[in-house]
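Note sheet for the following structure.
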Amino acid sequence: MDPGGQGLLSDTMTDVPVGPAGTRVPADAAGGALPEGMTEAEAEELRCELLKVEEEILTLRQVLAAKDRHAAELKRKLGQTPLNQLKLNLSKSLHEVQMSNAYVKTSEKLGEWNEKVTQSDAYKKTQETLSTAGQKTTAALSTMGTAISRRLGDMRNSATFKSFEERVVNLKPRVSTNGEENGSQNLHSPDNKSQDSAPF
């Protein structure tokens, strides 16, 4: 019992007035007068019945909580995680929506509109224009790619590129030789000028 003089069966239930050592307090002593025409014995009988109903409610809540825990444990053993349950519920809900009359009618209407739009002259002209533009763009890019490839081929065969390529090939052994023989020695360009005299 509550030391404050009132007992609570649960946090959602009505306060039941009690006196010292758990004795019940008559309704009129608890601050409320008996309804007109009701005797103290009838009020006491109703309070007892209320107390039993509230105790049953508390018991049922405890049983329900135990059943919930047991169901959760069974789901866990079956591998049904909360995420899987959510996916299953969403899938089921989506299926129910797709089978609903409103969804079916909306889908049919959208299908009709789609057919009307795709059969319209404006749609056909736009589609033809975009198709032609795509073909022309593809042709232009192909021509440009061919021109760039040809230009790169011309550059590779030019005397300037070959001279540059020879210098790189000749420089490679010098760099590795100079580095191995004398690590602190300055590198020289292929025409044997020091890098210190470079114009940049």
Side-chain angles (χ1 to χ4, degrees), residues 1-18 22 24-25 27 30-32 34-35 38 42-153:
M1 291 291 149
D2 186 38
Q6 293 193 340
L8 291 176
L9 293 177
S10 82
D11 53 346
T12 59
M13 295 184 196
T14 311
D15 290 340
V16 178
V18 292
R24 286 193 193 90
V25 177
L34 289 175
M38 183 180 288
E42 291 172 333
E44 183 63 27
E45 186 179 326
L46 290 175
R47 281 193 288 273
C48 287
E49 186 176 345
L50 177 61
L51 196 68
K52 286 179 186 177
V53 170
E54 288 177 340
E55 287 174 355
E56 289 174 1
I57 290 171
L58 178 62
T59 302
L60 290 172
R61 285 186 178 146
Q62 291 171 343
V63 169
L64 181 60
K67 294 277 185 189
D68 279 340
R69 285 191 300 274
H70 184 65
E73 181 65 22
L74 291 174
K75 286 178 182 179
R76 186 190 61 76
K77 287 180 179 179
L78 289 171
Q80 296 177 358
T81 64
L83 182 59
N84 289 342
Q85 284 295 114
L86 179 63
K87 287 179 185 177
L88 182 64
N89 290 344
L90 289 175
S91 177
K92 184 179 176 184
S93 297
L94 179 62
H95 179 71
E96 289 171 358
V97 167
Q98 289 175 337
M99 294 294 120
S100 71
N101 286 336
Y103 181 86
V104 170
K105 287 179 182 177
T106 303
S107 295
E108 289 172 359
K109 199 61 161 172
L110 288 174
E112 291 173 14
W113 289 348
N114 182 46
E115 189 173 330
K116 286 179 183 178
V117 168
T118 56
Q119 298 305 318
S120 72
D121 289 336
Y123 178 84
K124 288 178 181 177
K125 287 179 181 177
T126 303
Q127 186 180 24
E128 289 171 8
T129 302
L130 290 175
S131 177
T132 303
Q135 291 170 356
K136 288 182 179 179
T137 302
T138 301
L141 290 174
S142 176
T143 302
M144 189 172 72
T146 302
I148 290 172
S149 295
R150 188 177 323 121
R151 194 76 178 127
L152 288 173

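Along the sequence shown, residues are numbered consecutively beginning with 1.
The environment of CD in E45 is sparse: at most 12 heavy-atom neighbours from other residues, nucleotides or ligands sit within 6.0 Å. Counting non-hydrogen atoms of neighbouring residues, nucleotides and ligands closer than 6.0 angstrom, the CD atom of Q98 exceeds 12 such neighbours.
Residues M144 and L141 form a side-chain contact, since some pair of their non-hydrogen atoms from C-beta on lies under 4.5 Å apart. Looking at L46 and L50, their side chains never come closer than 4.5 Å, going by heavy atoms from C-beta outward.
Under a 4.0 Å N-O distance rule, the pair E73/R76 qualifies as a salt bridge.
E44 CD to M38 CE: the interatomic distance, rounded to the nearest 0.5 Å, is 11.5 Å. How far CG of N89 is from CG of L94: 12.5 Å, rounded to the nearest 0.5 Å. Here the CG atom belonging to L64 is positioned 12.5 Å from the OG1 atom belonging to T59, to the nearest 0.5 angstrom. Distance check: E55 CD to L51 CG gives 4.5 Å after rounding to the nearest 0.5 Å.
Between the side chain of S142 and the backbone N or O of T138 there is no donor-acceptor pair closer than 3.5 Å. Judged purely by atom type and a 3.5 angstrom limit, S91 has no side-chain atom pairing as donor or acceptor with the backbone of K87.
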Under 3.5 Å, sequence neighbours excluded: what are the donor-acceptor pairs made by side chains of residues 111-122?
unit_1, atom_1, unit_2, atom_2, d
T118, OG1, N114, O, 3.0
T118, OG1, E115, O, 3.1
S120, OG, V117, O, 2.8
S120, OG, Y123, N, 3.3

Please evaluate residues N84 and L88 with respect to the criterion side chain to side chain contact (heavy atoms under 4.5 Å, CB included), reporting the C-alpha separation (whole Å), side-chain torsions for both, the decisive distance (0.1 Å), and the verdict. CA-CA 6 Å; N84 289 342; L88 182 64; over 6 Å; no
